[in-house]
Amino acid sequence: MANISIQDVVKRYGKTQTIHNVSLEIDEGDFVVFVGPSGCGKSTLLRMIAGLEVITEGDISIGGEVVTDKDPAERGIAMVFQSYALYPHLTVRGNMSFGLRMNGHPKEEVEKLVLKAAQTLQLESLLDRKPAELSGGQRQRVAIGRAIVRDPKVFLFDEPLSNLDAELRVEMRLEIAKLHQSLGNTMIYVTHDQVEAMTLADKIVVLNKGCVEQVGPPMELYHTPSNLFVAGFIGSPKMNFLPATVTMANDKVLELTINGRDTIQLAPKSYNLAQGDTITFGIRPEHLTLDEEGDIVLKFQNQAAERLGSATFMFGQCAQVDGFKVQLNGDHTTNMFEEYSVSCLLKDCHIFDSNGRRVPSNHNS
């Protein structure tokens, strides 16, 4: 295993800059997930670490050694791609051993390494099959096994589960998590799926338009997102946002008017806000309840509902803002276009300033 240091890395294609002065420190044994929407630069950054993209500016070090100008084979990394990239004419054993054999490793050593990887991934019974005889999940495990036998310092995963169906994605997420626990290698994983990021990562790197928006443990990003982008990206369903204005702020009252309509009150001095400030009020759907018992009560008009048994999702309008979501535990019967009272606790509220930056609570910043 090895640590990775990324210092002021820039990537340009002609006059177009896609990565903007990214700096990151990844510790030995970390499982780090790069997450963000399509086109945010996460795969480009991963490919620069792998040596598959030339770095325009900056440096990357692996295990304390600068590898900026080194070939991929000299970096001590192994990469698993979105495409399985298996040789159809070779068996599982042949695919997993191919790289070692091409590099002249002794036959006995290669067989030992392949068997060890096959045991780790529960592929022993499939070693003599060809890719056409395997399921999608089995093929992806073979691709991972091909990386394991190289005994790399760092594993790089580029959206490895995106070709699998929903059930297999869940199974493979668990397999990859167990693999990290077993091997302990440093791993970097790229995905656009924030559920994968939340369930796999020790540390999440949220990227947007080639810039790092926030870095931290999954629950830190969930509870204290640094800005509107992170708040809207981390969490499923995404956070509700309501435009608001501070209509009163003194020692006794902190009052917000939501979208020029509904008035709510926060604890006095709970946020450094002044009268007239334009802000965004955020609340996660799972922190709302169908009652008036919370610290803040809002009026919500239901326009659609999804009843999943274990949870019910209501979609509608709040303070004339469309797309407002409420998540309820269990199976709830709801009526279309009926108005409900929903409430939340002050501790679950999020406030963002006019620039989209999180305003920390004075009680728990």
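Owing to the predicted nature of the structure, the values given are computational and were not obtained by experimental measurement.
Sorted by first then second residue, the ring-ring contact (aromatic ring centres under 6.0 Å, His included) pairs that include residues 246-291, not counting sequence neighbours, number zero. Residue pairs satisfying the ring-ring contact (aromatic ring centres under 6.0 Å, His included) criterion with at least one member in residues 117-166, sequence neighbours excluded, are listed as follows: Phe157-Tyr189.
Residues that satisfy the salt bridge (charged side-chain N to carboxylate O under 4.0 Å, His left out) test with Glu53, not counting sequence neighbours, are Lys11, Arg47. In terms of the side chain to side chain donor-acceptor pair (under 3.5 Å) criterion, His223 has no residue partners (sequence neighbours excluded). For Glu220, the side chain to side chain donor-acceptor pair (under 3.5 Å) criterion is met by no residue, not counting sequence neighbours. By the side chain to side chain donor-acceptor pair (under 3.5 Å) test, Asp291 is found to be paired with Thr289, Ser343, residues two or more places apart in sequence or in another chain being considered. The salt bridge (charged side-chain N to carboxylate O under 4.0 Å, His left out) check on Asp331 picks up Arg307, with sequence neighbours excluded. Partners of Glu109 under the salt bridge (charged side-chain N to carboxylate O under 4.0 Å, His left out) rule, at least two apart in sequence or in another chain, do not exist in this structure. Residues passing the side chain to side chain donor-acceptor pair (under 3.5 Å) test with Glu175, sequence neighbours excluded: none. Applying the ring pair (Phe, Tyr, Trp, His ring centres under 6.0 Å) test to His192 and every residue at least two apart in sequence or in another chain returns nothing. Take Tyr84 and apply the ring pair (Phe, Tyr, Trp, His ring centres under 6.0 Å) test, not counting sequence neighbours, and it matches no residue.
Annotation: Glu167, atom CD; neighbour count of heavy atoms from other residues, nucleotides and ligands within 6.0 Å does not exceed 12.
Connectivity analysis of hydrophobic side chains (ILVMFWY, heavy atoms under 4.5 Å, direct or indirect) links Phe337 to Met336.
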